[in-house]
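Note that ligands are numbered from 1 as they come in the structure, with each ligand's atoms numbered from 1 the same way.
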Amino acid sequence: MNKIACFITRTNESTADAIRRGLDRSPLYTGKIRGVGPRYCPSIEDKIHRFPDKTSHQVFLEPEGMESNLIYPNGISTSLPLDVQEEYIHTIPGLERAVIVHPGYAVEYFFSNPQDLFPWLETKRIQGLFFAGQINGTSGYEEASAQGMIAGINAALKIKGEEPFILGREEAYIGVLIDDLVTKGVEEPYRLFTSSAEHRLLLRQDNADFRLMEHGYTLGLIPKEWKEEIVGWKRDMETLREELRRRVIVPKDSVRNIMNELDLGEISHPTPLLHILRRANMSARHLDRFDMDISRYHPRVLEQLEIETKYQGYIERQCKQIEEDKKADKRKIPADIDYAKLEGMRNEAREKFNRVKPATIGQAARIPGIFPSDVNVLWIHVMKMAKEQPAA
Ligand SMILES: Cc1cc2nc3c(=O)[nH]c(=O)nc-3n(C[C@H](O)[C@H](O)[C@H](O)COP(=O)(O)OP(=O)(O)OC[C@H]3O[C@@H](n4cnc5c(N)ncnc54)[C@H](O)[C@@H]3O)c2cc1C
């Protein structure tokens with residue numbers, strides 16, 4: 001593949017001085033713009049202002065294309081006026097004679113409070129209107145496309161008169177993203193991080209199809225053969241797991257030799273192969289060394305079983321927690337509940353419930369600043385309402 005070089009240079013004290021001199025003309029610093037910039041890609045003036053002890057910042061010089069002599073200086077995005085840009089660009093080594101063809105600029109955008117959305121991304125105020133992407137206060141391509149997909153799916157389900165589709169926090173990062181948005185709202189442009197997911201041990205790239213393929217099929221997004229392949233792999237995993245549980249190896253010379261060769265340590269008593277698979281150096285691909293016929297298993301089956309076996313303890317603990325959370329997420333709260341009329345509840349809790357209008361008790365409990373006692377009071381009210389208005 002053809003490649004062209006990308007360079008690195010750095011800003012210096014003269015760059016910082018030029019920027020500081022122009023700060024009084026930055027719309028962000030003069031207060032003309034009151035929005036909060038994205039935390040994870042700050043402008044150069046932001047970096048100079050927020051990290052005054054740093055005397056230099058890295059700049060990637062990226063060619064715009066094979067046929068172009070334009071260079072994109074990544075790392076110095078800015079909203080400063082053009083004459084300030086001209087001055088500081090020329091202080092950067094390598095850019096002394098650079099010509100600015102497209103000046104840097106900033107964009108400001110409005111967003112709508114995502115707490116005004118149901119977890120299926122329909123607005124609470126206008127039925128049938130769905131919001132997705134930056135309008136919900138997020139920043140990022142993946143964040144926007146993930147919401148777009150969920151909003152699209154739910155718009156279609158709504159037209160068909162079917163139940164909304166919501167991915168749980170334990171099922172997918174999309175579930176974490178949307179639950180964070182609709183439950184907590186946003187204080188600054190929101191980006192999704194793996195650290196926001198409490199069940200991230202399960203939300204792995206290697207098992208994405210195992211987690212989500214059946215949903216995809218139910219929603220009509222993927223063909224039946226794909227779903228059937230996954231169902232088959234899951235079945236094979238259980239068969240192989242059981243086989244490994246039953247297959248016991250004994251401490252005899254031939255076994256010791258193989259274990260030595262694979263650097264698997266010792267065994268002092270008969271041991272199921274499943275336990276051997278837990279060992280750090282043991283791979284499912286080596287099972288054939290212990291007279292197992294693994295040729296009929298797809299590599300994905302071997303891979304998944306190996307991962308699940310090695311992390312079994314942690315995965316089980318996480319699944320237990322998820323079961324608890326799920327119970328709370330099954331307890332639905334009617335959308336028309338009038339929080340103002342609920343007695344015995346703290347005012348702060350009433351206000352927060354009223355703003356978020358949680359769809360489930362689980363979501364209610366995740367609202368920042370809500371106490372377990374508030375959730376109990378709410379649940380008692382919901383049950384009371386259900387008794388007074390039995391389902392038709
Ligand atoms: C300079 C810059 C660099 C960025 N770099 C990155 C990056 O490296 N990585 C990353 O993940 N994210 C990046 N982002 C953020 C990312 O681009 C956005 O968060 C994301 O594209 C938002 O997608 P969206 O679909 O919500 O909105 P948009 O992409 O803004 O789409 C909204 C669309 O609606 C159209 N529209 C508006 N009003 C109307 C109307 N009345 N009728 C019909 N159509 C209308 C607009 O023309 C637009 O096409 C960057 C953003 C900027 C500005």
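Distance check: Q115 CD to R355 CZ gives 4.5 Å after rounding to the nearest 0.5 Å. Here the CD1-OG distance, from I249 to S254, works out to 9.5 Å after rounding to the nearest 0.5 Å. With rounding to the nearest 0.5 angstrom, the CD atom of Q85 is 11.0 Å from the NE2 atom of H90.
Within a 4.0 Å radius of atom 30 (O) of ligand 1, the protein contributes no heavy atom. For atom 19 (O) of ligand 1, the nearest protein heavy atom lies closer than 4.0 Å. Inside a 4.0 Å radius of atom 43 (C) of ligand 1 there is not any protein heavy atom. For atom 47 (O) of ligand 1, no protein non-hydrogen atom is found at a distance below 4.0 Å. Within the 4.0 Å cut-off (strictly below), no protein heavy atom is located near atom 2 (C) of ligand 1. Within 4.0 Å of atom 51 (C) of ligand 1, not a single protein heavy atom is present. For atom 40 (C) of ligand 1, no protein heavy-atom neighbour is present inside the 4.0 Å cut-off. Inside a 4.0 Å radius of atom 5 (N) of ligand 1 there is at least one protein heavy atom.
Considering only heavy atoms from C-beta on, M259 comes within 4.5 Å of F290 through its side chain.
Less than 4.0 angstrom separates some heavy atom of V107 from each of these atoms of ligand 1: 53 (C). Shown in contact with A144 at under 4.0 Å from a heavy atom are these atoms of ligand 1, numbered in order with element: 22 (C), 23 (O), 24 (P), 26 (O). Those atoms of ligand 1 that come under 4.0 Å of a heavy atom in S139, given as number and element, are 19 (O).
E225 and Y217 share no donor-acceptor pair across their side chains, judged by distance under 3.5 Å alone. R10 and S56 share a side-chain donor-acceptor pair at under 3.5 Å.
Residue E198 forms a salt bridge (Lys or Arg N to Asp or Glu O under 4.0 Å) with just one option from R317, R366, R169, and that option is R169.
A parallel orientation is assigned to the rings of F210 and W233, their planes being inclined by less than 30° (bins at 30° and 60°).
Annotation: atom 15 (C) of ligand 1 to nearest protein heavy atom, G140 N, 3.7 Å. Among all non-hydrogen protein atoms, the one lying nearest atom 22 (C) of ligand 1 is Q134 OE1, 3.4 Å.
For T138, no nitrogen or oxygen atom sits less than 3.5 Å from a nitrogen or oxygen atom of ligand 1, counting backbone and side chain alike. Of the polar atoms of G133, none of the N or O atoms is found under 3.5 Å from an N or O of ligand 1, judged by distance alone. The shortest N or O to N or O distance between Y141 and ligand 1 is below 3.5 Å. Ligand 1 has an N or O atom lying under 3.5 Å from an N or O atom of R191, backbone or side chain.
Screening residues 230-241 for salt bridge (charged side-chain N to carboxylate O under 4.0 Å, His left out) gives E214-K234, E238-R241, R241-E308 as the qualifying pairs, with residues at least two apart or on separate chains.
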Where do N257 and E261 land on the side chain to side chain donor-acceptor pair (under 3.5 Å) test, with the steps shown first?
CA-CA 6 Å; N257 287 344; E261 231 179 274; over 6 Å; no
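In Q147, neither the side chain nor the backbone holds a heavy atom less than 4.0 Å from any atom of ligand 1.
Heavy atoms from other residues, nucleotides or ligands lying under 6.0 Å from CZ of F193 number more than 12.
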